[in-house]
Asks: 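Let me give you the structure first, and then I'll get to my questions.
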Amino acid sequence: MSKVTTSSLQKFKQEGRKITALTAYDASFAGAFDAEGIDVLLVGDSLGMVLQGHNDTLPVTVADIAYHTRCVHRGIERALLIADMPFMSYATPEQTLQNAALLMQAGANMVKVEGGEWLLPSVTMLTERGIPVCGHLGLTPQSVHVFGGFKVQGRDEDNSQRILREAKALQAAGAQLLVLECIPASLAKLITDCLSIPVIGIGAGKDTDGQILVMHDVLGISSGYIPRFSKNYLQQSGDIRAAIRCYIDEVTRGSFPAAEHTFN
Ligand code: KIV
C-alpha cells in the first residue's frame with residue numbers, strides 16, 4: 001500500500017483512473033476510509049456545518065482545521081490529506097503562508113483555497129515554498145453571502161468563461177489539484193480536458209478526473225437535507241465500510257455521479 005502523493009494523482013489523471021475522495025474529520029472514520037482505499041481525504045471547513053452545526057462555513061477557524069487535521073493524520077496511512085484553509089485565513093499572502101504552514105505542520109499534505117484571480121500570488125508563494133495547493137472554483141461556500149445562497153455557478157457565458165480562465169490561471173500559478181463545485185457538467189468537462197492537473201468534482205458531473213463528497217452525506221447523517229448532487233450509500237449497504245466501498249467502486253467505474261446528481 002503506497003502513500004498517495006501529488007505525483008500519484010497526476011499519474012491517475014494520465015491513466016484515466018478516477019480519483020476517489022471524501023471529507024473526514026477524525027481518526028476513526030478517516031482510518032476506515034483509508035483502509036477501504038480512498039485516495040484523498042479532505043479536512044473540509046464543511047466541519048462548521050456537519051460537526052459544529054452552523055448554517056455555513058464562515059465561523060470555522062485555523063485552530064479548528066488544525067485540530068481535525070491532526071486527528072485525521074493520526075488515523076491514516078495511504079490517502080493524501082488535504083486541509084481546507086478557512087474563511088479569512090488567506091486574505092493576504094503573508095497570512096496565507098503563516099496559516100498554511102500551521103496546517104502542514106498538523107499533518108496535511110496539501111492545502112485547499114477557494115477563489116480565482118485574486119489568489120494567484122498566494123498560490124505561487126505557497127508552491128514556491130513547498131506547500132502544495134488545491135484550488136476550489138464554482139460554488140465556493142465561503143462566498144455564500146456574495147452568491148446569495150448555495151447556488152449552482154457558471155450557468156451563463158460570462159461566468160463560465162471566468163471559471164475556465166481562473167482554472168487555467170490557478171494551474172499556471174502552481175496549483176496541483178482543483179476542486180470544481182456545483183457547476184454544469186459540460187463546463188466541468190471542458191475545464192478537466194483543458195487542464196493538465198487533476199480536477200475533482202462535487203456536483204460537477206461525471207467527466208472530472210475524480211469525485212469528492214462530504215462523508216455525512218454519503219452516510220446519510222447530515223442534519224438538514226442531502227444535496228441533490230450527493231448520494232446516501234449507507235441506505236443501500238449493510239454498514240459504513242460497505243457504503244464507502246460502494247462509493248469508491250461507483251466513482252471508479254464512472255457510475256457515480258448519475259444524471260440525477262448532475263447540473264446541466
Ligand atoms: O469543505 C468541504 O468539505 C469542501 C468539499 C465540499 C469540497 O470544500
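Worth knowing before you read on, the calculation uses all heavy atoms, side chains too, and leaves out hydrogens, waters and symmetry mates. Note that the structure is predicted; figures quoted are calculated from it, not measured. Atoms within each ligand, like the ligands themselves, are counted from 1 in listed order.
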Asks: Are any of the side-chain nitrogens in R165 or E117 under 4.0 Å away from the carboxylate oxygens of its partner?
Replies: yes

Asks: Taking N or O atoms only and a 3.5 Å limit, does E181 qualify as a polar contact for ligand 1?
Replies: no

Asks: Is the shortest distance from a Lys or Arg side-chain nitrogen in E260 or R228 to a carboxylate oxygen in the other one below 4.0 Å?
Replies: no

Asks: Could you check whether K112 pairs with D84 (Lys NZ or Arg NE/NH1/NH2 to Asp/Glu carboxylate O, under 4.0 Å)?
Replies: yes

Asks: Identify, for atom 2 (C) of ligand 1, the protein heavy atom at the shortest distance, and state residue, atom and that distance.
Replies: S46 OG, 3.3 Å

Asks: I'd like to check which ligand 1 atoms, numbered from 1 as shown, lie under 4.0 Å from a non-hydrogen atom of D84.
Replies: 1 (O), 2 (C), 8 (O)

Asks: Distance under 4.0 Å to a non-hydrogen atom of H136: what atoms of ligand 1 satisfy this?
Replies: 8 (O)

Asks: Using a 4.0 Å cutoff against the non-hydrogen atoms of L42, which atoms of ligand 1 qualify?
Replies: 2 (C), 3 (O), 4 (C), 5 (C), 7 (C), 8 (O)

Asks: Among all protein heavy atoms, pick the one closest to atom 8 (O) of ligand 1 and tell me residue, atom and distance.
Replies: K112 NZ, 2.9 Å

Asks: Within the structure, does Y25 bring an N/O atom to less than 3.5 angstrom of an N/O atom in ligand 1?
Replies: no

Asks: Are D249 and T252 close enough that a side-chain donor and a side-chain acceptor fall under 3.5 Å?
Replies: no

Asks: Pull out every atom of ligand 1 sitting under 4.0 Å from any heavy atom of G44, numbered as shown with elements.
Replies: 1 (O), 2 (C), 3 (O)

Asks: Assess whether a salt bridge exists between D39 and K18, defined as any Lys/Arg side-chain N lying under 4.0 Å from an Asp/Glu carboxylate O.
Replies: no

Asks: What protein heavy atom is closest to atom 6 (C) of ligand 1, reported as residue, atom name and distance in Å?
Replies: I202 CD1, 3.6 Å

Asks: Does a side-chain N-to-carboxylate-O contact under 4.0 Å join D193 and K189?
Replies: yes

Asks: Relative to ligand 1, is T23 under 4.0 angstrom through side chain, backbone, both or neither, heavy atoms considered?
Replies: side chain

Asks: How about K13: does its NZ atom have over 12 heavy atoms from other parts shown lying under 6.0 Å from it?
Replies: yes

